[in-house]
Amino acid sequence: MSQVLALKYRPSTFDKLIGQETITQTLTMALDQDRLSHAYLFSGLRGSGKTSTARIFAKSLVCQNGPTSTPCETCENCITANENRHIDIIEMDAASSRKIDDIRTLIEQTKYKPNSARYKIFIIDEVHMLTKEAFNALLKTLEEPPEYVKFILATTDPMKLPPTILSRTQHFRFKKINAAEVVKHLSHILNLENIEYETEALSMLTRAGNGSLRDTLTLLDQSIIFSKNYVDAKSVASMLGILDPDFINNLFNAIFKNEREAVISYIQELENYESEVVIDEIISFVKERFFNKDARFSTMLSDRFFRILSESKKMLFLNADSTFVLTLLFFKMMEATKIQDIDEMIDELETHIAANPVPKQPQKELPSTTPVAPTPTSKAIPASPPPQTIHVEEKPAENYTQNFTTLLEKLYDRNYALGECFKNSIEFVDFTANNVQLISCANEECKKMLRQSSGIIKHFVQECFGFEAKIKMQPCNKTVEPISPTQEEVPAANENRGSMIEEVEFNEEQKKSTDSCIANQVVTSTNEINSDDIMGHEFVKKAKELFDPSKIIVKSKV
């Protein structure tokens with residue numbers, strides 16, 4: 001009578017367990033050193049070896065040469081344990097025997113010593129299915145059982161167990177079995193069964209088993225029958241309803257060649273498959289090609305493909321048209337292939353520059369900032385001199401002229417209109433004793449702009465000439481042409497706001513001069529709005545009643 005592969009090749013010793021080396025090592029050393037606990041909990045994915053490990057561990061405990069990690073397999077206890085008929089190894093399915101009465105019966109059995117072995121072992125499978133009352137009934141016995149009683153609990157969902165149960169057991173977590181180990185185990189079984197196979201077909205079965213060795217062996221049994229004792233990729237793909245790797249490879253060839261019509265024809269064929277399965281298979285294909293160092297699947301391109309696949313998989317959960325999702329998926333991939341590596345882009349750019357040298361462009365110069373030298377400050381300036389050209393008698397130091405040029409560049413960078421106004425209206429004289437001596441010949445519009453931007457000007461002056469630098473202004477002695485700088489309308493300065501002119505220290509003669517353009521800026525504009533008038537408005541009063549505002553004073557750091 002034939003036997004299914006999952007039962008025929010079920011491991012009977014620790015060395016035959018697949019993919020659980022950590023758990024095997026711990027249990028083996030516990031048996032050899034006789035450091036045994038009274039209760040164990042095995043949790044993990046279905047088909048990962050929990051029940052098989054529990055049976056092997058129980059056999060190791062009851063073996064006549066035991067406790068030992070290598071049962072003799074010849075004594076009566078080992079033989080009956082392998083045939084699942086040992087009287088002292090009691091297996092209980094908690095999915096069907098889950099009530100408190102079933103646990104009471106189990107507890108009653110713990111009062112009697114084993115018949116033939118040194119231990120009486122209770123294996124409770126799917127223990128998370130027990131009721132709350134059954135768990136409570138089991139607690140005391142599980143915590144302090146008789147010295148001859150051992151409990152082995154198995155579950156796929158340890159989170160459903162009460163903390164009181166978890167704290168009374170040694171917990172072993174069975175991990176998902178590595179795909180490479182599963183493929184190796186399948187090939188070993190097929191060699192023992194004298195059945196030919198393709199490695200790609202075994203990889204497809206492993207992915208379908210999703211880490212469960214029992215599920216994978218069940219699929220292997222099915223594929224042997226379907227493929228008539230020759231397990232090939234095409235037969236497995238047809239049986240599982242997944243894509244043939246050759247089909248996916250041809251699809252990607254069309255994508256890389258940007259053959260739109262061919263891609264559309266492949267999409268029409270994919271309508272016979274579940275879209276989620278198609279995306280999963282494509283992800284596996286891209287991953288495999290990437291790790292196999294396929295030159296077409298670079299890191300950048302693989303990253304783009306994976307992002308597109310992930311987004312498409314999310315769209316399927318929105319109940320979108322699956323065929324249209326796949327269409328967008330493949331056309332996005334076609335667009336994603338139009339990328340270049342950084343090295344390729346650099347090489348192309350260097351080649352292009354070498355073939356087409358770029359002519360040197362003349363450097364754009366800022367408007368000339370060379371100041372017109374004023375009359376020396378030591379000489380008195382007539383109260384109402386006739387229009388004249390100012391002659392230079394003492395040239396300012398070159399480094400200070402450069403500082404003034406830097407100041408002008410900063411103003412241009414901040415506001416071009418302000419820079420134009422400052423350049424056409426302000427002339428640099430000298431910098432001595434932390435005083436920046438300037439001459440101002442600003443018209444009305446320029447005066448307004450300078451007054452509004454006084455804080456900015458003072459800040460940049462201190463940046464260029466030093467933190468302690470102050471502005472000293474001299475009156476204008478030449479005819480001023482009207483200047484209309486283009487500017488955006490700026491709100492009028494607040495009364496409490498610091499201005500550039502407030503920082504200017506006039507000497508006695510400059511205070512008396514009525515021709516000074518800067519002196520006129522000290523007068524507060526009569527067009528400014530009185531805040532008390534605004535606060536007395538009916539609308540503002542109503543707003544204050546509704547919102548209970550608080551007064552906040554904001555001061556500029558500049």
Side-chain angles (χ1 to χ4, degrees), residues 179-180 183 198-208 210 232-356:
V183 171
E198 292 180 359
T199 305
E200 181 62 32
L202 301 186
S203 299
M204 296 168 66
L205 291 171
T206 301
R207 289 198 298 271
N210 197 25
D232 61 317
K234 187 174 183 180
S235 299
V236 170
S238 178
M239 180 193 75
L240 298 177
I242 60 178
L243 298 177
D244 185 356
D246 291 335
F247 178 88
I248 301 177
N249 189 49
N250 295 334
L251 173 59
F252 271 98
N253 287 336
I255 290 174
F256 283 114
K257 294 178 182 178
N258 202 24
E259 298 176 350
R260 299 173 64 90
E261 297 299 328
V263 171
I264 292 175
S265 65
Y266 286 124
I267 294 173
Q268 292 174 349
E269 293 185 40
L270 292 175
E271 291 181 357
N272 300 322
Y273 299 87
E274 292 185 12
S275 298
E276 187 175 355
V277 174
V278 171
I279 294 177
D280 288 338
E281 286 299 306
I282 294 175
I283 290 175
S284 299
F285 182 85
V286 173
K287 177 182 175 182
E288 179 187 0
R289 294 295 179 174
F290 177 77
F291 284 116
N292 290 338
K293 298 181 180 180
D294 191 324
R296 300 177 300 172
F297 293 83
S298 63
T299 302
M300 185 184 299
L301 189 58
S302 298
D303 176 68
R304 287 195 173 191
F305 282 170
F306 185 74
R307 290 176 185 273
I308 294 170
L309 289 163
S310 300
E311 291 175 0
S312 300
K313 198 166 185 178
K314 290 179 182 178
M315 293 174 65
L316 291 177
F317 290 104
L318 301 176
N319 294 325
D321 186 338
S322 58
T323 303
F324 188 60
V325 170
L326 291 179
T327 304
L328 291 178
L329 162 66
F330 294 124
F331 278 89
K332 284 180 182 179
M333 283 186 169
M334 292 172 66
E335 294 297 324
T337 58
K338 299 176 183 178
I339 61 173
Q340 292 177 309
D341 291 332
I342 295 177
D343 294 336
E344 295 178 0
M345 296 173 65
I346 292 175
D347 292 340
E348 288 188 7
L349 181 61
E350 290 177 348
T351 304
H352 178 75
I353 293 175
N356 304 289

Can you name the nearest heavy-atom pair linking [X] to [Y], along with the distance?
| X | Y | value |
| --- | --- | --- |
| M333 | I308 | N-CD1, 4.0 Å |
| I279 | L329 | CG1-CD2, 4.3 Å |
| A233 | E200 | CB-CG, 4.0 Å |
| S312 | V325 | O-CG1, 3.7 Å |

Taking the ring centre of each residue, are Y266 and F330 less than 6.0 Å apart?
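That pair fails the under 6.0 Å test.
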Decide yes or no for [X] and [Y]: does some side-chain heavy atom of the first lie under 4.5 Å from some side-chain heavy atom of the second?
| X | Y | value |
| --- | --- | --- |
| D244 | I248 | no |
| E259 | M334 | no |
| D232 | V236 | no |

In sequence, state the C-alpha distance, the side-chain angles, and the governing distance for F305 and F285, and then conclude on ring pair (Phe, Tyr, Trp, His ring centres under 6.0 Å).
CA-CA 11 Å; F305 282 170; F285 182 85; over 10 Å; no
Would F331 and I264 satisfy side-chain contact (heavy atoms from CB on, under 4.5 Å), going step by step from the backbone distance to the final call?
CA-CA 9 Å; F331 278 89; I264 292 175; 3.9 Å; yes
Can you confirm whether more than 12 heavy atoms, excluding those of [X], are under 6.0 Å from its [atom1] atom?
| X | atom1 | answer |
| --- | --- | --- |
| F324 | CZ | no |
| E274 | CD | no |
| R296 | CZ | yes |
| F247 | CZ | yes |

What's the spacing between [X] [atom1] and [Y] [atom2] if we round to 0.5 Å?
| X | Y | atom1 | atom2 | result |
| --- | --- | --- | --- | --- |
| F252 | T337 | CZ | OG1 | 10.5 Å |
| S302 | F291 | OG | CZ | 9.5 Å |
| L251 | D246 | CG | CG | 12.5 Å |
| R304 | L309 | CZ | CG | 14.0 Å |
| T323 | L328 | OG1 | CG | 11.0 Å |
| F317 | E276 | CZ | CD | 4.5 Å |

Run the side-chain contact (heavy atoms from CB on, under 4.5 Å) check on L270 and L243 step by step: do they pass?
CA-CA 9 Å; L270 292 175; L243 298 177; 3.3 Å; yes
In terms of side-chain geometry, is the basic nitrogen of K234 or E198 positioned less than 4.0 Å from the acidic oxygen of its partner?
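No, no charged N to carboxylate O under 4.0 Å.
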Please evaluate residues L326 and E271 with respect to the criterion side-chain contact (heavy atoms from CB on, under 4.5 Å), reporting the C-alpha separation (whole Å), side-chain torsions for both, the decisive distance (0.1 Å), and the verdict.
CA-CA 9 Å; L326 291 179; E271 291 181 357; over 6 Å; no
Within the distance-only criterion (no hydrogens, no angle test), does the side chain of S238 pair as donor or acceptor with the backbone N or O of S235 below 3.5 angstrom?
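Side chain of S238 to backbone of S235, a donor-acceptor pair under 3.5 Å: no, none is there.
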Where the side chain of D303 meets the backbone of T299, is there a donor-acceptor pair that is under 3.5 Å apart?
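Pair absent, no side-chain N/O of D303 close to backbone of T299.
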Can you list the steps and then say if L240 with L205 is a side-chain contact (heavy atoms from CB on, under 4.5 Å)?
CA-CA 8 Å; L240 298 177; L205 291 171; 4.3 Å; yes
